Protein chains: 2
Amino acid sequence: MVQFVHPFTEDITLAGLLGALADPMRLRIVSSMLQKDGCMSCSEAAPCPNMAKSTLSHHFRILREAGIIHTGKVGVENRNVLRINDINSRFPGLLEQILKFGGN
Amino acid sequence: MVQFVHPFTEDITLAGLLGALADPMRLRIVSSMLQKDGCMSCSEAAPCPNMAKSTLSHHFRILREAGIIHTGKVGVENRNVLRINDINSRFPGLLEQILKFGGN
DNA sequence: TCAATAGTTCATTATTATCGAACTATTGTA
DNA sequence: TACAATAGTTCGATAATAATGAACTATTGA
C-alpha cells in the first residue's frame, strides 16, 4: 500500500520550496500544472517526453515532499494537485512570480 | 592567483538561481547582504557563526557561479556584491520577492 | 485469471555539503 | 627585508542527497 507523505502547510520551508523548483524538469511540470488548472497525472507530464517513469516519479515525490503538490490515488492513476493556496498562505505571490519565468 | 568565475548576465538561469538559494545558509547570506547595501566580505557572513571558513567559501562560490554575487579581491579581503541589477534584468522582481521571505 | 496501465521501490552511481588541514596572497610591523 | 597576522582558497575525506534503470506492485478491463 502506497502512503504519500505531505508536509503540513506550516512546515513548507522557503529553502525546500526553492530546492524543489531548482530543476528545469520540475519547473516545467509545475508550470504546466498551473496552466492545466493546477492538476495533472504523472503520465500527463508531457513536457518531459524522453524521461523514465522512475525519474518522473522521483520528481513528483520531490515536489510532493516540498509541499508543492498533493498526490492522491484515483483508480489506476495519481491525481496531482498544485497546493497553490497552501503555498500562497506561507509565501504570498512567490510561486506565481517564479513561474512567470519558469515556462521558458 | 585566484580567478573568480562569474557567469554573464544572460547565462543566469532560473533553475541555477533557485538552486543556489535553496539552502538556509545561502539564503541568510544573501538576505543579510541585501540589508547591508548588497555588499559584504566573506568573514562578515555573521549569520553563520560556527561555520568553517572552507564551508563559507564553498557557499560563496555557489552563489558566485549562479550569478548571484560578484566577488573581487580588495586588499586582503574579498568584496562580494549582490548582482541585483543583473538578476533583475533576467528575472525582474524575483530576488526581492524571494528575500522578502528569506530573512526568517 | 491474464494482460495492460500507472507508478513505486530498490540498488547503483553521481552530486553536493561539511569539515579540517595545508596552501596563497596581502598587509602591517620589527 | 623578514615575519607574523589576516582573509580566504584548495585539497582530501566522509556523509548526505539526487538521478537513473531494472524489477516490482496495484488497479482496471477483457
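Note that this is a predicted model, so its numbers are computed, not measured. Residue numbers begin at 1 in each chain, while the letters A, B, ... track the order of the sequences.
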All N/O contacts under 3.5 Å from nucleotides 5-7 of chain C to the protein, with atom names and distances to one decimal?
| unit_1 | atom_1 | unit_2 | atom_2 | d |
| --- | --- | --- | --- | --- |
| C/dA6 | O4' | A/V76 | O | 3.3 |
| C/dG7 | OP1 | A/C42 | N | 3.2 |
| C/dG7 | OP1 | A/N78 | N | 3.1 |
| C/dG7 | OP2 | A/S43 | N | 2.8 |
| C/dG7 | OP2 | A/S43 | OG | 3.0 |
| C/dG7 | O3' | A/N78 | ND2 | 2.9 |
| C/dG7 | N7 | A/K53 | NZ | 2.6 |
| C/dG7 | O6 | A/K53 | NZ | 2.6 |

Between the protein and nucleotides 16-18 of chain C, which nitrogen or oxygen pairs are less than 3.5 angstrom apart?
| unit_1 | atom_1 | unit_2 | atom_2 | d |
| --- | --- | --- | --- | --- |
| C/dA17 | OP1 | B/R26 | NH1 | 3.2 |
| C/dA17 | OP1 | B/R26 | NH2 | 3.2 |
| C/dA17 | OP2 | B/H58 | NE2 | 3.0 |
| C/dT18 | OP2 | B/H59 | NE2 | 2.7 |

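Comment: A/R61 engages A/E65 in a salt bridge, judged by a side-chain N to carboxylate O separation of less than 4.0 angstrom.
Transitive grouping of hydrophobic side chains (ILVMFWY, heavy atoms separated by less than 4.5 Å) keeps A/I62 and A/F4 in distinct clusters.
Here the straight-line distance linking atom CD1 of B/I69 with atom CD1 of B/I29 works out to 8.0 Å at 0.5 Å rounding. Separating the CG atom in A/L95 from the CG atom in A/L99 is a distance of 4.5 Å, to the nearest 0.5 Å.
In this structure, B/F60 places its CZ atom 15 Å from P of D/dT10, rounding to the nearest Å.
In this pair, A/F91 and B/F101 present their aromatic rings perpendicular. The plane angle is above 60°, beyond the 30 to 60° band.
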- Task: Take A/M33 and A/C39, measure what side-chain contact (heavy atoms from CB on, under 4.5 Å) needs, and give me the verdict at the end.
- Result: CA-CA 5 Å; A/M33 280 183 80; A/C39 183; 5.7 Å; no

- Query: For B/H59 and B/R26, what are the C-alpha separation, side-chain angles and deciding distance, and is it a side chain to side chain donor-acceptor pair (under 3.5 Å)?
  - Reply: CA-CA 6 Å; B/H59 285 309; B/R26 294 196 291 265; 3.1 Å; yes

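Side chains of B/T71 and B/N80: a donor-acceptor N/O pair is present below 3.5 angstrom, by distance only.
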